[in-house]
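Below you'll find the structure, written out as structure tokens, and then a few comments.
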Amino acid sequence: MNPALETLKARGFVQQCTDIEGLSALMDQGPVTFYIGCDPTGPSLHIGHMVPFFAYRHLVEAGHIGIALLGGGTARIGDPSGKSEMRKMISYDAIDANAELFRGQLDRFIGFDGKNRRHDNNKHWLADLNYIEFLRDIGRHFSVNRMLTFEAYKQRMETGLSFIEFNYQLLQSYDFLQLYKRHGCRLQIGGDDQWGNIVAGMELIRRVEGAEAFGLTFPLVMTSDGKKMGKTEKGALFLDPAMTSPYDFFQYWRNVSDGDVLRFLLMFTFLPIDECRALASGDINGAKERLAWEVTALIHGKDEADKALAGAKAAFGGGGDKSAMPTAELSRARFEAGYPVLDLFVDAGLAPTKSEARRLVQQGGAVVGDAQWKDEKAPVGADALDAEGELVLRAGKKRFVRVVAS
RNA sequence: GGAGAGAUUCCCGAGUGGUCAAAGGGGGCAGACUGUAAAUCUGUUGGCUAAGCCUUCGAAGGUUCAAAUCCUUCUCUCUCCA
């Protein structure tokens, strides 16, 4: 099999392919142009979006030509695949702004050069589409009977499916066709929930252009306990450091289940396969630390990864650098006046409300400096601060904040 | 246009006059066990100046000593019929 495909397969990227032998043969002949689309429905990509983009990099490094397609047009509709409910409509302005943010994040990860690493936006051909012409040219190739057999729609037959969403598949198929015409794109890759849409696009290219195209899907990445990967208490694991701090990002990977380590090393880092295997079969906590550093470095850069690692070491007692821990700046005067503990924990960001803070204290999860703080009414005085005017607060076992009083 | 059904706390979902800050489950948080893991068990899970008070059951009015629960209007969702 073609080495690039072999790599993807070995690293766990391949779920389904429309014609693996045919695709392999095509890739053996020379560079293949492929695309991966994502709809800018929010202000930041999250880690779940990234699986296909890791594959993008593997393929580009093997000499193929990638197109990251921003769904500035399709985001106006909403893809029903894999969703049980209709998505909220988003304003055009918000979509355009999101698309620009996505592009920036992807640029950092992929490094667009307009040659092998390209991007495009389907807004260019979808926004001003003429409905009647579209129906005549494209709609006639789609069988409703066939569409209804796709799993994506079957699920929605239960909860309801509006016509606007039912149309999504036509638009995505049209994207594939347009990219074939504009860039010679022959392959679409995406998450397995995109299978129906990908197959439909491939068939459209065959009907309209008489050309053969291919589709390849990746498994939807789940954690070993069956949850969607990349979910945290606060929601998805975002790439935007303002939405998910590099420290939290790092900690997510540091705490993945043992059974997920190898899989994640293979998919979310570019370490050689042998090295991934060696790491995962050795000291498992060391492997998690390496995984966390590697992924954080890829997304936020090496400096941020180093900082997150140092902060984690400091927090979890292995020395490290305290200044890299999550930090809150509070007023020294308040400590001198006796800082009410509940306020202190809220102000440090370790509890959203005083009730939560109270519960934390009552349940024994509040630690000030080295001491468990058991009295919710006792204030924290300036004597709790060290020589540098700092104090480490802990909520539970994993949440630390370094308080700097000034 | 007609006939029904529905909107409950982060989510799903009970509740049909006071005992309701509202069952149960999920999720979250904390504790135990550990390895910053998973699984498991236990507790907890609207806010506050915590005795008590305030806000919350789609929105606005009304009845009542008392409303998530009854009445009126409105908004939205779903199903069936045309």
Side-chain angles (χ1 to χ4, degrees), chain A residues 78 80 83-89 155-165 222-237 245-265 279-293 295-296 308-320 322 324-326 338-343 345-368 372-379 392-402:
Chain A
K83 298 183 185 66
S84 56
E85 304 235 334
M86 184 157 164
R87 189 165 64 205
K88 280 207 187 75
M89 288 288 174
Q155 286 171 19
R156 289 295 296 272
M157 296 314 272
E158 304 294 325
T159 51
L161 177 68
S162 71
F163 191 69
I164 184 173
E165 291 181 287
M222 307 291 259
T223 56
S224 55
D225 48 329
K227 288 188 202 127
K228 250 194 194 150
M229 215 282 292
K231 293 281 172 197
T232 68
E233 323 76 68
K234 290 168 194 133
L237 200 64
S245 73
Y247 176 84
D248 286 339
F249 188 88
F250 180 96
Q251 281 299 312
Y252 176 84
W253 299 99
R254 176 61 186 78
N255 283 310
V256 298
S257 304
D258 292 6
D260 292 328
V261 173
L262 177 58
R263 217 153 42 94
F264 289 179
L265 277 168
L279 279 166
S281 58
D283 164 31
I284 196 71
N285 278 312
K288 288 181 191 180
E289 200 169 277
R290 184 69 187 280
L291 169 68
W293 188 89
V295 188
T296 308
L309 175 63
K313 291 239 193 228
F316 291 94
K322 267 201 344 186
M325 282 170 64
Y339 215 133
V341 233
L342 303 185
D343 289 326
F345 273 83
V346 171
D347 294 345
L350 286 170
T353 64
K354 289 170 84 164
S355 292
E356 286 277 348
R358 177 173 287 114
R359 245 169 256 137
L360 196 62
V361 173
Q362 285 170 351
Q363 293 178 135
V367 177
V368 176
Q372 190 183 50
W373 205 267
K374 294 194 178 113
D375 183 357
E376 62 187 71
K377 294 214 172 76
V392 174
L393 294 181
R394 210 175 88 197
K397 293 191 179 107
K398 291 187 202 160
R399 292 149 57 221
F400 297 82
V401 164
R402 178 182 65 130

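Reminder, nothing fancy here: chain letters follow the sequence lines and each chain counts from 1. Keep in mind it's a predicted model, so treat the numbers as computed, not measured.
Using P as the reference atom, B:A30 and B:A38 are 12 Å apart when rounded to the nearest Å. B:A14 sits 15 Å from B:G6 when the C1' atoms are compared, rounded to a whole Å. Comparing B:G17 with B:C70, their C1' atoms sit 8 Å apart, to the nearest whole Å. Rounded to whole Å, the separation between the C1' atoms of B:C57 and B:G4 comes to 23 Å. Annotation: B:U63 and B:C71 have their P atoms spaced 15 Å apart (nearest Å). Atom name C1', nucleotides B:C65 and B:G46: the rounded distance is 27 Å, in whole Å. A gap of 33 Å separates the C1' atoms of B:G13 and B:C33, to the nearest Å. For the P atom pair drawn from B:A68 and B:G18, the interatomic distance equals 10 Å after rounding to whole Å.
A:Phe264 places its CZ atom 12 Å from the C1' atom of B:A37, with the value rounded to the nearest Å. Between the CG atom of A:Leu262 and the P atom of B:A38 there is a distance of 19 Å, rounded to whole Å. Atom CZ of A:Arg359 is separated from atom P of B:G28 by 16 Å (rounded to the nearest Å). One atom, CG of A:Leu291, and another, P of B:U36, lie 17 Å apart when rounded to the nearest Å. Going from atom CG of A:Leu309 over to atom P of B:U36 covers 15 Å, rounded to whole Å. One interatomic measurement links the two molecules: CG of A:Leu360 to C1' of B:G43, which rounds to 14 Å at whole-angstrom precision. In this structure, A:Tyr252 atom OH and B:A38 atom P are separated by 11 Å, rounded to whole Å.
Rounding to the nearest 0.5 Å gives a distance of 8.5 Å between CD of A:Gln362 and CZ of A:Arg359. Annotation: the span from A:Lys313 atom NZ to A:Met325 atom CE amounts to 14.5 Å, rounded to 0.5 Å. Separation of atoms OH (A:Tyr252) and OG1 (A:Thr296) is listed at 12.5 Å; rounding is to 0.5 Å. One distance of note links CG of A:Asp260 with CG of A:Asn255; it measures 12.0 Å at 0.5 Å rounding. For the atom pair A:Arg290 CZ and A:Asp283 CG, the distance stands at 12.5 Å (nearest 0.5 Å). Rounded to the nearest 0.5 angstrom, A:Arg399 CZ and A:Phe345 CZ are separated by 9.5 Å.
Checking B:C53 for Watson-Crick or G-U wobble geometry (two distances, each under 3.5 Å) identifies B:G47 as its partner. Base pairing analysis places B:C74 opposite B:G58; the two distances defining the Watson-Crick or G-U wobble pair are each below 3.5 Å. Base pairing annotation: B:A3 forms a Watson-Crick or G-U wobble pair with B:U79, both donor-acceptor distances under 3.5 Å. For B:U34, there is no paired nucleotide, since no Watson-Crick or G-U wobble pair has both relevant distances below 3.5 Å. Nucleotide B:U69: unpaired (no Watson-Crick or G-U wobble partner with both distances less than 3.5 Å). The pairing partner recorded for B:U63 is none, the criterion being a Watson-Crick or G-U wobble arrangement whose two distances lie under 3.5 angstrom. Nucleotide B:C10 forms a Watson-Crick or G-U wobble pair with B:G26, both donor-acceptor distances falling under 3.5 Å. A 3.5 Å limit on both hydrogen-bonding distances identifies no Watson-Crick or G-U partner for B:C20.
In the set B:U36, B:G47, B:U49, the nucleotide with an atom closest to the side chain of A:Ser355 is B:G47. When distances run from any side-chain atom of A:Ser257 to the nucleotides B:U36, B:A37, B:C48, the shortest one goes to B:A37. Comparing B:G35, B:U45, B:U36 by their closest approach to the side chain of A:Phe316 singles out B:U36. Of the candidates B:G47, B:U36, B:A32, B:A32 carries the atom nearest the A:Lys397 side chain, counting heavy atoms from C-beta on. Distance from the side chain of A:Lys354 is smallest to B:C48 among B:G35, B:U36, B:C48. Considering only the side chain of A:Lys288, B:G35 comes nearest among B:G47, B:G35, B:U36.
Looking at every heavy atom in both residues, A:Gly396 comes nearest to A:Arg394 through O-NE, 3.1 Å. A:Pro352 and A:Val346 make their closest contact through O-CG1, 4.3 Å (heavy atoms, listed as atom of the first residue, atom of the second, distance). The minimum heavy-atom distance between A:Val361 and A:Glu376, with the atom names listed, is CG1-N, 3.8 Å. Taking every heavy atom of both residues into account, A:Tyr247 and A:Ala315 meet most closely at OH-CB, 3.9 Å.
Residue-to-nucleotide proximity on RNA chain B shows that, of A:Gly365 and A:Ile284, the 5′-proximal contact is made by A:Gly365. Along RNA chain B, the nucleotide closest to A:Arg394 and the one closest to A:Glu356 are compared, and the more 5′ of them pairs with A:Arg394.
Across all strands shown, A:Ala351 has no heavy atoms under 4.0 Å from either base or sugar-phosphate atoms. As judged by a 4.0 angstrom heavy-atom cut-off over every strand, A:Arg254 is placed among the base-contacting residues. Within 4.0 Å (heavy atoms only), A:Val256 reaches sugar-phosphate atoms of the nucleic acid but no base atom. Residue A:Gln362 is out of contact with every strand shown, counting any heavy-atom pair closer than 4.0 Å.
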Where do N or O atoms of nucleotides 53-55 of chain B meet protein N or O atoms at under 3.5 Å, pair by pair?
none

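Between the side chain of A:Gln363 and the base of B:G43 there is at least one donor-acceptor pair of N/O atoms closer than 3.5 Å.
Within the structure, a side-chain polar atom (N or O) of A:Arg399 is placed less than 4.0 Å from OP1 or OP2 of B:A30.
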